[in-house]
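The structure appears right after this line, and notes come after that.
Computed from a predicted structure; not experimentally measured.
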Amino acid sequence: MNDRVKHSLLWGAIGTLSFLVLLQGYELLADYRYDLAVKFGAALVVAVGSPALAYVADGVLR
C-alpha cells in the first residue's frame, strides 16, 4: 500500500473516533441525545471527508 494512502486512512480513523468521542462528551454535558441516524450520518461524513482531506493535504504539507 502506498504510504500516502496509508497515512490518509489512519488520519481518517483518528478523525472519526475523535468526532465520536467529542459527540459523546457533548451529549453528556448538554443532556441532549441525538438520534442514532444523525450520529451515523455525521460519522460517515467525517469518515469519508477526513481521509480525503488528509490525502489532498499530504501532498501540500510534505
Side-chain angles (χ1 to χ4, degrees):
M1 181 182 291
N2 187 0
D3 280 344
R4 188 173 177 188
V5 173
K6 187 190 308 184
H7 291 156
S8 66
L9 291 176
L10 289 173
W11 276 113
I14 290 169
T16 304
L17 292 174
S18 298
F19 171 76
L20 291 173
V21 166
L22 288 172
L23 180 63
Q24 185 176 10
Y26 176 77
E27 285 184 340
L28 289 172
L29 290 176
D31 198 31
Y32 180 78
R33 303 292 180 250
Y34 287 100
D35 189 37
L36 186 61
V38 173
K39 291 180 194 178
F40 182 75
L44 185 63
V45 168
V46 171
V48 171
S50 59
L53 183 62
Y55 185 81
V56 171
D58 190 42
V60 174
L61 297 176
R62 284 190 180 204

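Between the NZ atom in K39 and the CG atom in L44 there is a gap of 15.5 Å [rounded to 0.5 Å]. Here the CG atom belonging to L53 is positioned 11.0 Å from the CG atom belonging to D58, to the nearest 0.5 angstrom.
Here the shortest heavy-atom pairing between G12 and S50 reads CA-OG, 3.3 Å. Across V56 and R4, no two heavy atoms sit closer than the pair O-NH2, 4.1 Å. Nearest heavy-atom pair across F19 and A42 is CZ-CB, 3.6 Å. Here the closest non-hydrogen pair linking S8 and Y55 is CB-N, 3.7 Å.
The backbone N or O of A13 lies less than 3.5 Å from no partner atom in the side chain of T16, so there is not a single donor-acceptor pair.
Both V46 and V38 are part of a single hydrophobic cluster, where members link through side-chain heavy atoms under 4.5 Å apart. Transitive grouping of hydrophobic side chains (ILVMFWY, heavy atoms separated by less than 4.5 Å) keeps L28 and L22 in distinct clusters. Both L20 and Y26 belong to a single network of hydrophobic side chains, linked directly or stepwise wherever heavy atoms of I, L, V, M, F, W or Y lie under 4.5 Å apart. L17 and W11 fall into different hydrophobic clusters, defined by Ile, Leu, Val, Met, Phe, Trp and Tyr side-chain heavy atoms under 4.5 Å apart, directly or through other members.
Other residues, nucleotides and ligands contribute more than 12 heavy atoms inside 6.0 Å of the CD atom of E27.
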